[in-house]
Undergrad: 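First the structure, then my questions, so here it is.
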2 protein chains.
Amino acid sequence: MPDTPNAPYEGIVILAPHRELLDQVLDKWSLAVLNELCERPCRFNDLRRAIPAVTQKSLTATLRRLERNGVVERVVVSSRPVAVEYRITPLGKTLRHPVDVLLAWAAEHMPEIERARARFDEDVPAH
Amino acid sequence: MPDTPNAPYEGIVILAPHRELLDQVLDKWSLAVLNELCERPCRFNDLRRAIPAVTQKSLTATLRRLERNGVVERVVVSSRPVAVEYRITPLGKTLRHPVDVLLAWAAEHMPEIERARARFDEDVPAH
DNA sequence: CGGTATCCTGCAAGATACTG
DNA sequence: CAGTATCTTGCAGGATACCG
């Protein structure tokens, strides 16, 4: 039935492009940026202040990637001096719900996960 | 109101441990492994066959990490020769819903995202 | 079969300096 | 203010060989 013969396993194949997309929008700093921009539009240095641990370079890269994927919009306000504002897009807003579901899961199960980690680290202290 | 004075911004602080957890359970190969183990218990080499692109080393690392976080269980079946089976845990099953929501988002908005990428890549061809 | 043990490489990401 | 340009480094992850 598949026109590509010997396809490995459909589930995994289907997964791949989504996996790549998640790498783009859920990477190290994206959640923090998205979280911030959902509150309000931000200037570049607003974001730096809100996320102290991020470097200029990484923040720029994160914003460009999010912009490229259409979840964030870069607005240049022509004033003196020029101001740049980042905003969440309508597409970006649709990402909020899935992320919230994920964070809710993390919050709910964190205690259980920490117990699992403690158990594992105790049983396998070192080889 | 916060008992920690000068906390940077609560949202981001709260985010950090969750961010770390997601790095553990949503990393490069975890989705594929989880997806597979939700279907059925698998032996090590079953997983290798189901996910051809993963190396032995990465698969081992992924399974150990998932096991440590309590979402996967490693069961040694004492037979001749010894067999090892990996199973999803009850905790692991609770991860399925959030992940499905995320994948549904990806599937639903993929076309829009691809348009955004095309637009971006055209407007910013190269510097 | 189900892994370790090594070696190696690319590249994500930090530090730092400079710019329109 | 909002970046770009370099340089450097840690380390995730691949390749390969070996083991109980």
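Chain identifiers are assigned alphabetically (A, B, ...) following the order of the sequence lines, protein sequences preceding nucleic acid strands; residue numbering begins at 1 within each chain.
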Undergrad: Is any NZ, NE, NH1 or NH2 atom of the basic residue among A/Arg87 and A/Glu85 found under 4.0 Å from an Asp or Glu carboxylate oxygen of the other?
TA: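 Judged by the 4.0 Å cut-off on N to carboxylate O distance, A/Arg87 and A/Glu85 do form a salt bridge.
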Undergrad: Under 4.0 Å between a side-chain N/O of A/Arg65 and OP1 or OP2 of C/dA12, yes or no?
TA: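 For C/dA12, neither OP1 nor OP2 has a side-chain N or O of A/Arg65 closer than 4.0 Å.
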Undergrad: Just how far, in rounded Å, is P of C/dA13 from CG of A/Asp23?
TA: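 Result: 11 Å.
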Undergrad: Could you tell me whether B/Asp27 and B/Arg65 have a side-chain N and a carboxylate O separated by less than 4.0 Å?
TA: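 Between B/Arg65 and B/Asp27 there is a salt bridge, with a charged N closer than 4.0 Å to a carboxylate O.
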Undergrad: For A/Arg74 and D/dG3, is the shortest distance between a side-chain N/O and OP1 or OP2 below 4.0 Å?
TA: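 So the side-chain polar atoms of A/Arg74 do come within 4.0 Å of the phosphate oxygens OP1 or OP2 of D/dG3, strictly under.
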Undergrad: If you measure from OG1 on A/Thr94 to CZ on A/Arg96, what distance do you get to the nearest 0.5 Å?
TA: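 So the gap between those two atoms works out to 12.0 Å.
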Undergrad: Rounded to the nearest Å, what distance is computed from the CZ atom of residue B/Arg48 to the C1' atom of nucleotide C/dC1?
TA: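 Between C1' of C/dC1 and CZ of B/Arg48: 11 Å.
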Undergrad: Measuring from atom CZ of A/Arg19 to atom CG of B/Asn35, what distance do you get when rounded to the nearest 0.5 angstrom?
TA: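 Taking CZ in A/Arg19 and CG in B/Asn35, the distance rounds to 12.0 Å.
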Undergrad: Please give, in whole Å, the distance from D/dG3 P to A/Gln56 CD?
TA: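 Those two atoms, CD and P, are 9 Å apart.
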Undergrad: When you check the phosphate oxygens OP1 and OP2 of D/dC1, does a side-chain N or O of A/Arg43 lie under 4.0 Å from one of them?
TA: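 So the side-chain polar atoms of A/Arg43 never come under 4.0 Å of the phosphate oxygens OP1 or OP2 of D/dC1.
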Undergrad: Without decimals, in angstroms, what is the distance between B/Glu67 CD and C/dG3 P?
TA: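 Value for this atom pair: 9 Å.
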Undergrad: Check the phosphate of C/dG14 against A/Thr55, side-chain N and O only, distance under 4.0 Å to OP1 or OP2. Yes or no?
TA: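 For A/Thr55, the contact criterion (side-chain N or O under 4.0 Å from OP1 or OP2 of C/dG14) is met.
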Undergrad: Expressed as a whole number of angstroms, how long is the span from B/Trp29:CH2 to D/dA12:C1'?
TA: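 Rounding to the nearest Å, CH2 of B/Trp29 and C1' of D/dA12 are 13 Å apart.
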Undergrad: Take atom CZ of A/Arg19 and atom C1' of D/dG13, then tell me their distance rounded to the nearest Å.
TA: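 The distance from CZ of A/Arg19 to C1' of D/dG13 comes to 14 Å, rounded to the nearest Å.
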Undergrad: Roughly, in whole Å, what's the span from CG in B/Leu63 to P in C/dG2?
TA: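 Value for this atom pair: 11 Å.
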Undergrad: Please tell me if B/Tyr86 has a side-chain N or O lying less than 4.0 Å from either OP1 or OP2 of C/dG3.
TA: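 Yes, because at least one side-chain N or O of B/Tyr86 sits under 4.0 Å from OP1 or OP2 of C/dG3.
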Undergrad: Phosphate oxygens OP1/OP2 of C/dG3: is one of them under 4.0 Å from a side-chain N or O of B/Arg64?
TA: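 B/Arg64 to C/dG3 OP1/OP2: side-chain N or O found under 4.0 Å.
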Undergrad: Does the pair B/Lys28/A/Asp23 count as a salt bridge with the N-to-O cut at 4.0 Å?
TA: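 Salt bridge flag = no for A/Asp23 with B/Lys28.
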Undergrad: Which of these nucleotides, C/dG14, D/dG3, C/dG2, is closest to any side-chain atom of B/Phe44?
TA: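 Out of C/dG14, D/dG3, C/dG2, the nucleotide with an atom closest to B/Phe44's side chain is C/dG2.
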Undergrad: Within this structure, what is the CZ-to-P distance between A/Arg49 and D/dG3, rounded to whole angstrom?
TA: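 One finds 13 Å between P of D/dG3 and CZ of A/Arg49, rounded.
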Undergrad: Looking at C/dT4, C/dA13, D/dG13, which one has an atom nearest to any side-chain atom of A/Lys57?
TA: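 Of the options given, the side chain of A/Lys57 lies nearest C/dA13.
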Undergrad: B/Ser58 side chain N/O closer than 4.0 Å to the phosphate oxygens (OP1, OP2) of D/dA12?
TA: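 B/Ser58 to D/dA12 OP1/OP2: no side-chain N or O under 4.0 Å.
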